[in-house]
Amino acid sequence: MKITLLTIGKSAFPFVKEGLAMYEKRIARYTTYERIEIPALSGTSSLSSTEVKEKEGELILKKIKPSDEVILLDERGRSYSSIEWAHFLEKRLNNSTKSIVFVIGGSLGHCEEVKQRADFKLSFSPMT
């Protein structure tokens, strides 16, 4: 199984970069992993939040294949304990899921098209 982390923009915080590097190293021991960072949009001050989300959504959808299982990180998604999450992933491994794409949207959230494409919504916490 291949795991992809698809994000809009990069974090400026060193602790986030360090945490990502640590977990990416761990994941790479078990499966193929890739991180795709779509640059944050610039020149959006004249656009509404809906227009920004739609433009970001177009960029996200271009990176997703029809065969990908898409897990959207969303504060309204389902939360799991560590054990439950391990079982969730194990099921996908046993069901021969070939590719999972975790999608982190921009600061305004996800557009409707990306939400509709998602196979599952995951929340790490109700906080954003």
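All figures in this text were calculated on a predicted structure; none of them were measured in a lab.
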**Prompt:** Tell me the side-chain hydrogen bond (donor to acceptor under 3.5 Å, both in side chains) pairs involving residues 59-74, sequence neighbours left out?
**Reply:** Asp68-Ser99, Glu69-Arg92
**Prompt:** Does one hydrophobic cluster hold both Ile38 and Val101, with members joined at side-chain heavy-atom distances below 4.5 Å?
**Reply:** yes
**Prompt:** When hydrophobic residues are tied together by side-chain contacts of less than 4.5 Å, even through go-betweens, does Ile36 share a cluster with Leu72?
**Reply:** yes
**Asked** Linking I/L/V/M/F/W/Y whenever their side-chain heavy atoms sit closer than 4.5 Å, directly or via other members, would Leu93 and Tyr30 fall into one cluster?
**Response** no
**Prompt:** Considering all heavy atoms of both residues, which atom of Lys53 and which atom of Cys111 are nearest to each other, and what is their separation?
**Reply:** O-CB, 3.5 Å
**Request:** Apply side-chain contact (heavy atoms from CB on, under 4.5 Å) to Leu41 and list each qualifying residue two or more places apart in sequence or on a separate chain.
**Result:** Thr44, Val52, Lys55, Glu56, Leu59
**Asked** Got a sec, which residues hit salt bridge (charged side-chain N to carboxylate O under 4.0 Å, His left out) with Arg78, two or more places apart in sequence or on another chain?
**Response** none
**Request:** Verify the cluster assignment for Val70 and Leu122: are they in a single hydrophobic cluster under the rule of side-chain heavy atoms below 4.5 Å apart?
**Result:** no
**Asked** Excluding sequence neighbours, so at least two apart, what forms salt bridge (charged side-chain N to carboxylate O under 4.0 Å, His left out) with Glu34?
**Response** Lys2
**Item:** Contact list for residues 103-113, test side-chain hydrogen bond (donor to acceptor under 3.5 Å, both in side chains), sequence neighbours left out
**Value:** none
**Which residues share a side-chain contact (heavy atoms from CB on, under 4.5 Å) with Ser42, sequence neighbours left out** = none
**Fill in**
Sequence neighbours excluded, the answer for side-chain contact (heavy atoms from CB on, under 4.5 Å) partners of Leu73 is Phe102, Ile104, Phe124
**Item:** side-chain contact (heavy atoms from CB on, under 4.5 Å) partners of Glu90, counting only residues at least two apart
**Value:** His87, Asn94
**Request:** With sequence neighbours excluded, tell me which residues meet side chain to side chain donor-acceptor pair (under 3.5 Å) with Ser48.
**Result:** Glu51
Which donor-acceptor pairs under 3.5 Å do side chains of residues 3-13 form with protein atoms, sequence neighbours excluded?
residue : atom : partner : partner atom : Å
Thr7    : OG1  : Gly9    : O            : 3.3
Ser11   : OG   : Phe13   : N            : 3.2

**Request:** Using the test ring-ring contact (aromatic ring centres under 6.0 Å, His included), find all partners of Tyr23 that sit at least two apart in sequence or belong to another chain.
**Result:** none
**Asked** Is there a path from Phe88 to Tyr33 through hydrophobic residues (I, L, V, M, F, W, Y) whose side chains come within less than 4.5 Å of each other?
**Response** yes
**Message:** Can you list everything that forms a side chain to side chain donor-acceptor pair (under 3.5 Å) with Glu37? Sequence neighbours excluded, please.
**Reply:** Arg35
**Asked** So which heavy atom on Gly57 is nearest to which on Val114, and how close?
**Response** CA-CG2, 3.6 Å
